[in-house]
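Scroll down for the structure; my scribbles are underneath it.
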Amino acid sequence: MTTVVSNTSKALKSPYEDTLKRLLSDARAEAVESSVSELERLAISHDASHYLLVPAGLVRPDSAEDVANIFRAAGDLGLPLTFRSGGTSLSGQSSGDGLMVDTRRHFKKIEVLEDGKKVRVQPGATIMMVNNYLAPYGYKLGPDPASWSACTIGGVVANNSSGMSSGTKYNTYNTLDSMVLVLPSGTIIDTAEPDADQKLRSLEPELHEGLLRLRKRVLENPESMAKIRQQYSMKNTMGYGLNSLVDFETPVDILQHLLIGSEGTLGFVASATYRTLPILKNTSTGLLVFDNLIDAARSVPELVANKLATVELMDATSIRVAQRTGQAAEALAAIDVKDHAALLVEFQGNSEQELNDLAAAAAPMFKSLPVASPVSMTSKLSERNALWAARRGLYTTVAGNRPSGTNALLEDVVVPVEVLGNTCSDLTKLFDAHGYKDSVIFGHAKDGNIHFMLNEQFRDPKQLDRYREFTEEMVQLILGNEGSLKAEHGTGRIMAPFVSRQFGEELFDVMRQIKRLIDPKGFMNPGVLITEPDTDYVTDLKVAETVEEEVDRCVECGYCEPVCPSRNLTLTPRQRIVLRREIAAAEVNGDHELAERLRKEYEYYGIETCAVDGMCQTRCPVNINTGDLIRRLRSENQDKLAATGWKIAAQQWGIMDKVAGKSLTVAKKLPFPVVHGTTSIARKVMGDDMVPSYKKDLPVGGPARKPHKDATAEIVFFPACVNSMFGGVDGDGKHDPVNATQAFIRLCERAGVKYRIPDNIGEMCCATPWKSKGFTDGYSIMSDRVLKSLWEATDGGRLPVVCDASSCTEGLEVMREKVIKALEHKIVNGLKPGEPDYSRLRMYDAVQFAADNMLDKLSVSAPLPSVALHPTCSMTHLGTQPAFEKIANAMSDDVYVPKHWGCCGYAGDRGMLHPELTASATEAEAAELSEQKQFAAYISANRTCEQGMTEATGHSYQNVLQLLERTTR
């Protein structure tokens, strides 16, 4: 059998090119946003799986009617189509070489119903966002997949996802109330309507009758009934959900539940209404260590019987891997690992008393378990996080340390709990037999559902043969133990050829009939979920080309995408990385023209519109900051004239700082059309990425920074230059002389905090502008100046440094860390006499400092009726958002943090160079605020972020320090 590995250059020459052109010119589809761009097709072709098919083109519908029209046109033309939303699926179900239907961008509406007891959600909304909407009501969704921050409702329904606590009881199949579905024929059915079944019979009579016929066929076959009962007594996402033919009587109910787990092969779910679960507010966690897997697995039924809500398994290799991170909890770190296994367990309840009662009731059981050490449960968050760090860090450690050019495969299977231990033991033997090192086994033991990881190189034919042989033996093992080859990740392309072996020929034929009945033209996601048994599952495998060191560890999971400010404008971090791989692949394949075309487009899509805000790193399981790559690319491709100019600016920053502020003041006095017209002409001549666009909302310049001496100082105040360039504003957008800098000074005086400001403060900057633009010479000049000055001002690190702009605080901390890393050997082995030890410098954000050291010394005399907050990306990195909210709550009893807040994309001057980036990044947050009442104040903690949000919302954003000063006068 021939194995085909994906080839980008060949894949771009789609066999559906002409068909797609006909579809896009069809009156039924021409109004839908579409693209056939090489760059966009390649960017969206990559998902979290190890498959790669490049679509012929993509469309972005924004309504069920749009989807229905696309279905009708695609069906008539025989154009296959595939849905893509979060792209976190692992089994190849969101890859296709026909038409890609992107449902992430527009289908994001969330409606909380019945005070949180139900929620209606469109497929593009993430689980995390839905739970954010439900949290104030005390409810959450039942499905709780590990990818909850990035996976969407569309994927959760399509895969019938579950998770650590949901099991089968709280998955989509058992918590879905109704859905609006679009059939391949274009028929739209809302199953919540009282006459939904009658409507289905009227519009789709053959389908209605066929479902009843298939139900009768199953019910009258004892062997089929026995098989269905056995298969669905555990988690099972292989093939179509045949239990729907048994569990429901009316065709519309059967159809609705067949679409759950159908992976886009039967229709589109335009919205799903869920019955929710109450949030249990108290949790206690413990670690049970056993001498071997068998003992651990045998203990699971007793643990479940004693109401343990979570029982997570880690095998011996998992424990060893966790120990290598150096961050394992003491209970794990202390194990002298041989054949050990561990179970991470949790009680959940509504109060500490309930947890105590559960623990007391389970105490005899805990004592009887063959554990290697006494059982201890804790409800302390820090201790619980330490225990969970090992479990959550397995993927990071194994995937992040895989050899370059290999793919990380995360698979899942399920077996009856009574054979779980033996199954895990046999899987470990398979890993050893086939040479898979560090392949960990972990997962949801209470469900018999385990995950295992492999690192594989698909370019090498010998390793491909190894992968095929391993897969065959693994299939035999799981089916021999009456398990399912997929428990929660979906059948996809990887396991579709094995569906008939798992269910038998009779039930497999029922599945065939379901597909033919609902999708008679066969254009819905072909090759996924149900294929003939001889289909080759090692076709169209992904080859991970080696790319830049900063991002080479990327596993293409897409966790980074929801927090990226450019996600709805150009590219996401995942897409920026995969396009680097595609450029490398084009070069390897000798297609230098394609590589050059991609590089040219990448300049704007990948480099110019990246905010380099680092928010991607906060979600990345392998700790990648894509901004590091973009900064280096900017450095390597920098304009020599611009680099020289910014180097001179670093050398003469005292002058530049004053000129920038005065320029804004002068510009504000001139007629807006004159100033805007001048910058527009300059942008056309010199380029959008070189010249900022002047905007009407820009303020006048701020006051110059001045030194301040105090021998009794408790802190060194570092007023940010951004506050001297951009003047402060009041709630009406008018100039306020008491900007963040002046406010902090007044607060220090009011709270009795002694401070000093360095003598050469006017010449200093946090150096973030040079860093983000890749101007390394200027960055070095400024870093050297600032650190030397701060070393002197802080008396060699004795005093803390406090900065009044969150991004600048982060910039100072990054500057310090970079220098420390460079001097690491010296610091460890001893510095020369008088040589500064910059590791002693301590940087604090003014927001954190005010919350910790000022609030209790201040009295709010003029509280605000209400405030809306905009946290910043720097707050996320610094961990200061709780302090920000603490100050806001001290000033007002009505504090609102938008659910859709995110990086505004202003990124210093990026929002003036590319206003479209800020407009796109803030769209959801601005829309959310427009639906709220008018707040008395709109607050952030960084001047350019405040400017970005002012432009986005039309509300005047002020610095939190300004408001704190004003309310405590």
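Only a predicted model underlies this, so the values are computations on that prediction, with no experimental measurement involved.
- Using a 30° and 60° split on the angle between ring planes, Y938 and Y957 fall in the tilted class, from 30° to 60°.
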_If you apply the rule side chain to side chain contact (heavy atoms under 4.5 Å, CB included), what do you find for L571 with L579, and how did you get there?_
CA-CA 10 Å; L571 300 174; L579 283 169; 3.5 Å; yes

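- Atoms OG1 and NZ, on T776 and K647 in that order, are 9.5 Å from each other to the nearest 0.5 Å.
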Return a table of donor-acceptor pairs under 3.5 angstrom between the side chains of residues 618-627 and protein atoms on other chains or two or more places apart.
{"unit_1": "T618", "atom_1": "OG1", "unit_2": "M615", "atom_2": "O", "d": "2.5"}
{"unit_1": "N623", "atom_1": "OD1", "unit_2": "Q617", "atom_2": "NE2", "d": "3.3"}
{"unit_1": "N625", "atom_1": "OD1", "unit_2": "G627", "atom_2": "N", "d": "2.9"}

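- Between the CE atom of M815 and the CE atom of M782 there is a distance of 8.0 Å, given to the nearest 0.5 Å.
- Side-chain atoms of S147 do not come within 3.5 Å of backbone N or O of A150 as any donor-acceptor pair.
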_Assess the residue pair E608 and L917 against the criterion (side chain to side chain contact (heavy atoms under 4.5 Å, CB included)); give the C-alpha distance rounded to whole Å, side-chain angles, the decisive distance to 0.1 Å, and a yes or no._
CA-CA 10 Å; E608 292 183 8; L917 175 60; over 6 Å; no

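- Judged purely by atom type and a 3.5 angstrom limit, T88 has no side-chain atom pairing as donor or acceptor with the backbone of C557.
- Here the side chain of Q575 pairs a donor or acceptor atom with the backbone of T572 at under 3.5 angstrom.
- Between the side chain of D795 and the backbone N or O of R798 there is no donor-acceptor pair closer than 3.5 Å.
- A 4.5 Å side-chain heavy-atom check between R576 and Y605 finds every atom pair outside the cut-off.
- Around atom NZ of K818, no more than 12 heavy atoms belonging to other residues, nucleotides or ligands sit under 6.0 Å away.
- Within 6.0 Å of the CD atom in E749, the count of heavy atoms belonging to other residues, nucleotides or ligands exceeds 12.
- S772 and R910 form no side-chain donor-acceptor contact under 3.5 Å, judged by distance and modelled atom types alone.
- At distances below 3.5 Å, at least one donor-acceptor pair connects side-chain atoms of R816 with backbone N or O atoms of L841.
- Here CG of D639 is found 7.0 Å from CZ of F775. Values are rounded to the nearest 0.5 Å.
- Checking S806 against T872 by side-chain atom types alone, a donor-acceptor pair falls below 3.5 Å.
- Under the 4.0 Å criterion applied to side-chain N and carboxylate O atoms, R943 and E946 are assigned as salt-bridge partners.
- To the nearest 0.5 Å, atom CZ of residue F718 and atom OH of residue Y755 are 16.0 Å apart.
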*asked:* If you apply the rule side chain to side chain contact (heavy atoms under 4.5 Å, CB included), what do you find for I939 with I887, and how did you get there?
replied: CA-CA 11 Å; I939 307 175; I887 294 175; over 6 Å; no

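- For Q638 (side chain) and S635 (main-chain N/O), a donor-acceptor pair under 3.5 Å exists by modelled atom type.
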_Derivation of the side chain to side chain contact (heavy atoms under 4.5 Å, CB included) call for Q742 and D736_ = CA-CA 10 Å; Q742 298 302 314; D736 184 353; over 6 Å; no

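- Taking NZ of K754 as the reference point, atom NE2 of H708 lies at 8.0 Å (rounded to 0.5 Å).
- Shown here is E923, whose CD atom has no more than 12 heavy atoms of other residues, nucleotides or ligands within 6.0 Å.
- N942 and S807 are linked by a side-chain donor-acceptor pair at a separation below 3.5 angstrom, with hydrogens and angles left out of the test.
- For the pair S920 (side chain) and E916 (backbone), a donor-acceptor distance under 3.5 Å is absent.
- Looking only at atom types and distance, the side chain of D852 has a donor-acceptor partner in the side chain of Q848 under 3.5 Å away.
- The two residues L569 and T609 come nearest to each other via the heavy atoms CD2-CG2, 4.2 Å.
- The closest donor-acceptor contact from the side chain of Q962 to the backbone of V738 lies under 3.5 Å.
- Using a 3.5 Å distance cut-off with no hydrogens or angles, the side chains of D552 and S404 do pair a donor with an acceptor.
- Salt-bridge formation is not detected for the pair R567/E561: no Lys NZ or Arg NE/NH1/NH2 atom is positioned less than 4.0 Å from an Asp or Glu carboxylate oxygen.
- Salt bridge status for R705 with D804: absent, with no side-chain N to carboxylate O gap under 4.0 Å.
- The number of heavy-atom neighbours closer than 6.0 Å to CD of E817, taken from other residues, nucleotides and ligands shown, is above 12.
- Using a 30° and 60° split on the angle between ring planes, W791 and Y838 fall in the perpendicular class, above 60°.
- Considering SG of C803 and CZ of F717, their distance stands at 7.5 Å, rounded to 0.5 Å.
- Salt-bridge check for R632 with D628: failed, with every basic side-chain N at 4.0 Å or more from each acidic carboxylate O.
- Side-chain polar atoms of E582 and H46 form a donor-acceptor pair below 3.5 angstrom.
- With respect to the salt-bridge test (charged N to carboxylate O, under 4.0 angstrom), the residues E556 and R581 qualify.
- The shortest non-hydrogen separation linking A846 to V802 is CA-CG1, 3.6 Å.
- Under a 3.5 Å cut-off, the side chain of H877 and the backbone N or O of D613 do form a donor-acceptor pair.
- In terms of modelled atom types and a separation under 3.5 Å, the side chain of R756 and the main chain of K709 share no donor-acceptor contact.
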